[in-house]
Amino acid sequence: MVSIDVQGASVDFPIFDAKNRSLKKSVLGRAGGRITDAKVPVVEALRDIDLSLRSGDRVGLVGHNGAGKSTLLRLLAGIYEPTRGRARIRGRVAPVFDLAVGMDPEISGLENILIRGLFLGMTRKEMERRVDEIAEFTELGDYLSMPLRTYSTGMRVRLALGVVTSIDPEILILDEGIGAVDAAFLEKARDRLRDLVSRSGMLVFASHSDEFLVELCDTAIWMDTGEIKEQGSLREVVSHYKGRDLFETLSPETLKRIGADAPSEARP
Amino acid sequence: MAVPALARPGADDPSDDSGDDAAGPDLHGASPRSWKRAFGDIRQAIAQRELWGHLGWQDIKQRYRRSTIGPLWITISMAVTAAAMGGLYSQLFGQPIGTFMPYVTVGFMIWYFISACVLEGTETFIANEGLIRFLPAPLMIYVFRTVWRQVLFFAHNVVVYVIVLVIFFGQLDQPYRMVAKVPGTLDTPGILHPGLSWWALLAVPAFVLIVANGLWVTLLFGIIATRFRDIPPVINSFIQLFFTMTPIIWTPDLLRGGEPGSTRAIVEQLAKLNPFYHFIEIFRAPLVGQEQSWTHWAVVGVITVVGWALALIALRNYRSRVAYWV
């Protein structure tokens, strides 16, 4: 059973190298979490998060920069364990965060595929079986034997998406970086991601792009200063967040496509 | 359509520590500070040995990428060090080169391993910051990766020992003294070592013990150094001191025979307070056919147990904090 249960979870970062003096005023701005006034300043990146996700859920995360989207994603991926409260994650997690990190620029794409796969719990044999498929999906061809530093951002996104979607993860966690790929590849990736989620998967996706959100998600969470401000259907939440109807800016083709895929959503 | 419910009540009792983590992914149920999670971390890391095995190799290949003979440089640099140090110090201390050269070679081999475990151990989580913050994986993966890399370096250096052994086998396979006779006197300083025998095989369990210690050192120092960034530079300067204090390019035989109460006898006793001395000794003595005392094994045994106990406590209490600290 794939599930994520988070109860009253908070994530506090101690900032050891911050100059206390400059942070003395406990700042509460629009960007970033609360910063407390203690001996070691603490950034309260997430506060009292309650969340329960089940298989088949496709959740979009919206919110300002520094609202806690990425931190929440890392909490859900099991990278951060909550400082208070509980987070229980069941299922194989595959996260795709900032695409420059976590990959070794000096080694080839193929080796990066292997290492990624091993990190996500695959064996070497399983990955070797998938390499052809990933090569085909990413359309990187001979480039796969080149060092990763020669790749463009879009190519890295292709690689990362190729790996995570090929290994049948149960919980897929995507940060906003995937916007760097071209339209044609996006089309392909979208079909694959949808396919993946429909096979007993779960998707949590942080994005600022309306197109991406309606293509991939059906519900949404609005994060604000480390707290969940609103949670509900995608259209409602994003419309409240943006202050206008989510669907009014979408192209007719997109509307038609999601209308065909998810009628209940297009006509609420 | 399914709206994710807000905190379904009764999904899990917060005190439920028993959980059902069948081999891996679900390690995120129990309280962050529990023995179960700590051992779960170790167990999962062992299961993912293909991962750290590959990463360790990668580290070595990475260092010698685009060099023609690649990791062979490890062996060559070791050989050059052994030849230079062995040659020089055998003359400085008036010691027969045939027995001193193997002694220095083995000493360096194991010292490199130990000091690298300490030095790179403190950096293990700091160096893997990117991976720790972006991929969920057991902490022990990085510990194993660091120590495995040292084991691979060590394996390259074993070649040098084999070469030295072939060259000097004639001098080693019979009883010998490390220190040459003092000319013009009847003094025969130093003790008579038995020479190489099947006891050399003791080096295998000795190395296993040393690796076990390398693991706890990496884990414990790694966690402490991630939190307190002053630790790596401190360790760095102390390791230099320990190199000089440890019998690697000098032999404890030179300290022997002091009158009780004399400075020499006191220094000999002080040298035994250095833990590195015992680690070096259990590995080196069998390989160069020297007499050795079981005290060294006892000291190493105690350090292994105490060290692992401390490291496990650190793993239990601070495992989940490392991602916040890096």
Side-chain angles (χ1 to χ4, degrees), chain A residues 3 5-8 11-14 16-17 50-54 56-57 59 74 77-83 85-93 95-98 100-104 106-107 111 114-116 118-124 147 170 218-219 221 228 231-233 262 264-265, chain B residues 1-9 11-16 19-33 37 44 47-55 58-59 61-63 65-66 128-137 141 226-229 319-325:
Chain A
S3 68
D5 288 290
V6 181
Q7 290 155 19
V11 167
D12 297 340
F13 286 100
F16 299 113
D17 52 357
D50 288 307
L51 190 61
S52 184
L53 302 176
R54 291 292 175 267
D57 285 352
V59 189
R74 285 191 207 152
I79 294 169
Y80 294 144
E81 292 172 26
T83 12
R86 285 162 48 81
R88 166 166 288 217
I89 297 116
R90 292 174 205 241
R92 203 165 63 228
V93 183
V96 180
F97 288 106
D98 184 346
V101 194
M103 288 207 201
D104 191 333
E106 292 303 319
I107 61 180
E111 282 174 291
L114 175 63
I115 290 177
R116 267 282 154 132
L118 290 173
F119 256 110
L120 299 173
M122 296 280 112
T123 65
R124 179 188 286 265
E170 291 161 322
D218 53 12
T219 63
I221 293 173
I228 294 182
Q231 183 177 17
S233 86
S264 65
E265 200 179 344
Chain B
M1 60 176 290
V3 177
L6 279 165
R8 282 159 209 184
D12 278 301
D13 177 18
S15 63
D16 164 30
D20 44 355
D21 60 331
D26 178 32
L27 277 167
H28 306 285
S31 150
R33 291 190 174 190
R37 306 275 302 267
Q44 201 190 332
Q48 282 184 279
R49 55 189 170 277
E50 273 189 328
L51 172 59
W52 50 262
H54 187 84
L55 288 171
Q58 196 69 60
D59 290 338
K61 282 198 287 185
Q62 190 64 43
R63 199 165 302 188
R65 187 160 295 261
R66 293 164 74 175
N128 285 299
E129 178 196 350
L131 293 171
I132 292 175
R133 288 178 57 225
F134 291 92
L135 287 168
I141 292 269
T226 308
R227 170 65 184 80
F228 301 101
R229 298 295 168 100
R319 180 190 50 80
S320 64
R321 300 301 296 159
V322 169
Y324 287 81
W325 290 341

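By convention in this document, chain letters (A, B, ...) are assigned in the order of the sequence lines, proteins followed by strands, and residues within each chain are numbered from 1.
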Once the angle between the rings of B:Y324 and A:F13 is folded into 0 to 90°, is it parallel (under 30°), tilted (30 to 60°) or perpendicular (over 60°)? tilted
Okay, B:E50 and chain A: the region with an atom under 4.5 Å from a heavy atom over there is both
Considering only heavy atoms from C-beta outward, does the side chain of A:F16 approach that of B:R227 to under 4.5 Å? yes
When the 4.5 angstrom heavy-atom criterion is applied to A:S3 and chain B, the contacting part is neither
Against chain A, label B:I132 side chain, backbone, both or neither, depending on which of its atoms sit under 4.5 Å from a heavy atom there. backbone
Sort out for me which of A:E111, A:M122, A:R124 touches chain B most, counting heavy-atom pairs under 4.5 Å. A:R124
Salt bridge (charged side-chain N to carboxylate O under 4.0 Å, His left out) partners of B:R321, counting only residues at least two apart: none
Test of understanding: with salt bridge (charged side-chain N to carboxylate O under 4.0 Å, His left out), list the residues that count as partners of A:D12, not counting sequence neighbours. A:R84
